[in-house]
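Before any comments, here is the structure.
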Amino acid sequence: MSIAFLEQCVTILRNTTTWAVSLISYKHHDDGETFTAQRIDFEDGNEAQTIAASQGDLFLRKAREAQGIFDYNGENTKSQIIRIRLAESPLNGAWELLRTAIRNNDDQRSLENHMFQAYAFVGTYNDSGSDKEIILITKRNPVINLKRKKYIKARNNTLVKSEEPILQFSDTCDFIVKDGIMYCGNFNFESMLNAERTYKKVCESKLEMVAGVDLIDDINAFKEFAMKGHTPKMFFTYDHRVVNALTDKAKAKKVSEDFRIPFNESTGKFNVSDVGTAGVFTKIICGRLKANIAIDGYCEINGYASDYSDI
């Protein structure tokens, strides 16, 4: 568990004095994502630091109360803190687009006439002589447009109608990014980074790898099954070593017997035409039924801790 890493993040948030704040808009298309960012500045330069430090404190408290910190595998639960090593993740492409938009933010657009869906606090700090960044992102529009509401404020005991937009920031953030590692307190990153599209792209790629090994009687029917519903998420943890191992007929037969998956020894192929059987087979090749096929013993798991012991 990387509580120590998050504690380090909170210490940085408390001591960082250089901040840039951006309001974020995004659109998802069939062929990708578009992000834009609007820079905003605080009149009191210390306010951004105060908000970021407070958000970090509450994020750390939530992490301490969670069931644990687990690598993102598409099947994590709400009671977990999710960790994503971005450089190794299929979500990195969308993240880089978002990060570029934040870097290239501007302050030319009107807050009154633009709809935002998220915001980011970006802190720049010095680490051994090098400038580094820590980023807090929340999926929420902080802008309250008073022209659309009946707001009256008190000024010197006099009520005055107010139409200027105000901003309200959450008590905590949705995810923190430092040193290329993203820690998520909920699943809001999935919709921001268009994870559903990424799931399907990953799934399509892995299914072609499965097809290349020629282990399944009707690969087209299996592809159709795998691309439906939540199944594409499972292929985030696809393990081709398992598929290769199943080309050994002895190991394939053992899996067939243990999990009641029909297997034709003469052709060396599995019959996964039944939805239930296809689901079990998917769990096996995607690590949901974790097994070393060379030895006895299988254990179904729901999210597993990473080997990033030093992070």
Side-chain angles (χ1 to χ4, degrees), residues 6 9-10 12-13 16 18-30 32-42 47-60 62-63 72 76 78 81-84 86 89-124 133-146 148-149 165-178 180-199:
L6 290 175
C9 288
V10 169
I12 291 170
L13 293 174
T16 296
T18 302
W19 289 94
V21 183
S22 295
L23 307 182
I24 300 166
S25 301
Y26 57 87
K27 292 182 179 180
H28 297 327
H29 316 279
D30 291 339
E33 303 80 37
T34 302
F35 296 93
T36 57
Q38 163 85 35
R39 189 177 78 243
I40 56 173
D41 298 308
F42 285 90
E47 192 62 32
Q49 179 185 7
T50 300
I51 294 172
S54 177
Q55 289 188 343
D57 285 339
L58 288 178
F59 192 97
L60 178 59
K62 179 175 181 177
Y72 182 54
N76 303 87
K78 293 181 179 179
I81 297 295
I82 302 166
R83 174 174 48 202
I84 304 173
L86 289 164
S89 171
L91 297 175
N92 191 50
W95 165 252
E96 286 298 327
L97 289 175
L98 172 56
R99 186 67 197 94
T100 298
I102 293 173
R103 284 197 185 104
N104 298 333
N105 63 10
D106 65 63
D107 59 358
Q108 302 303 310
R109 287 171 293 178
S110 169
L111 297 187
E112 294 95 330
N113 301 320
H114 198 81
M115 180 61 69
F116 301 97
Q117 295 134 296
Y119 58 87
F121 281 72
V122 181
T124 302
E133 290 181 337
I134 185 167
I135 305 171
L136 285 67
I137 294 183
T138 304
K139 183 193 169 189
R140 175 186 173 183
N141 181 10
V143 179
I144 300 174
N145 193 335
L146 300 188
R148 303 173 187 170
K149 304 177 185 292
I166 62 174
L167 277 72
Q168 182 180 48
F169 298 104
S170 301
D171 292 336
T172 188
C173 58
D174 291 332
F175 52 96
I176 298 175
V177 182
K178 175 183 172 293
I181 312 295
M182 178 184 289
Y183 281 79
C184 311
N186 53 43
F187 293 93
N188 284 344
F189 71 94
E190 291 187 322
S191 55
M192 275 196 72
L193 301 181
N194 201 9
E196 184 176 356
R197 174 177 174 271
T198 303
Y199 295 150

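One-based numbering along the sequence shown.
For the atom pair CG of N186 and CG of D174, the computed distance is 4.0 Å after rounding to the nearest 0.5 Å. Going from atom OH of Y183 over to atom CD1 of I81 covers 10.0 Å, rounded to the nearest 0.5 Å. The distance from atom OG1 of T50 to atom CG of L13, rounded to the nearest 0.5 Å, is 11.5 Å. Between the CG atom in N194 and the NZ atom in K27 there is a gap of 14.0 Å [rounded to 0.5 Å]. Distance check, rounded to the nearest 0.5 Å: CG of L91 to CG of L98 gives 11.5 Å. Atom CZ of residue F121 and atom CD1 of residue I134 lie 13.0 Å apart, to the nearest 0.5 angstrom.
Side-chain contact check for Q168 versus R140: some heavy-atom pair is nearer than 4.5 Å. Counting only heavy atoms from C-beta outward, the side chains of M182 and L193 approach each other to under 4.5 Å. Using a 4.5 Å cut-off on side-chain heavy atoms (C-beta onward), V177 and W95 make contact. A 4.5 Å side-chain heavy-atom check between F59 and L6 finds at least one atom pair inside the cut-off. Between M192 and Y26, the closest side-chain pair of non-hydrogen atoms falls below 4.5 Å. The shortest distance between side-chain heavy atoms of I82 and F187 falls below 4.5 Å. Contact check for S22 versus V122: no side-chain heavy atoms found under the 4.5 Å cut-off. In this structure, the side chains of F42 and Q49 stay at 4.5 Å or more apart for every pair of heavy atoms.
The local environment of CG in D171 is sparse, with at most 12 non-hydrogen atoms from other residues, nucleotides or ligands closer than 6.0 Å. Residue-environment remark: CD (E196) stays at or below the threshold of 12 foreign heavy atoms within 6.0 Å.
Of all heavy-atom pairs spanning I24 and I102, the tightest one is CD1-CD1, 4.1 Å. Heavy-atom minimum distance, A120 versus I137: CB-CG1, 3.8 Å. The nearest pair of heavy atoms linking S170 to Y119 is N-OH, 2.8 Å. T16 and T124 get closest at one heavy-atom pair: CG2-O, 3.3 Å. Nearest approach of T138 to C173, heavy atoms of both residues: OG1-CA, 3.2 Å.
Residues satisfying the salt bridge (Lys or Arg N to Asp or Glu O under 4.0 Å) test with D57, not counting sequence neighbours, are R14.
Side-chain N/O atoms of S191 and K139 include a donor and acceptor closer than 3.5 Å.
The backbone N or O of Q55 sits less than 3.5 Å from a side-chain atom of T172, completing a donor-acceptor pair. With hydrogens and angles disregarded, a donor-acceptor distance shorter than 3.5 Å links the side chain of K62 to the backbone of G185.
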The test is side chain to side chain contact (heavy atoms under 4.5 Å, CB included); show your working for N141 and Q117 and say whether it passes.
CA-CA 5 Å; N141 181 10; Q117 295 134 296; 5.9 Å; no

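Using the six-membered ring where Trp is involved, H28 and F35 have ring planes that are perpendicular, over 60° apart on the 30 and 60° scheme.
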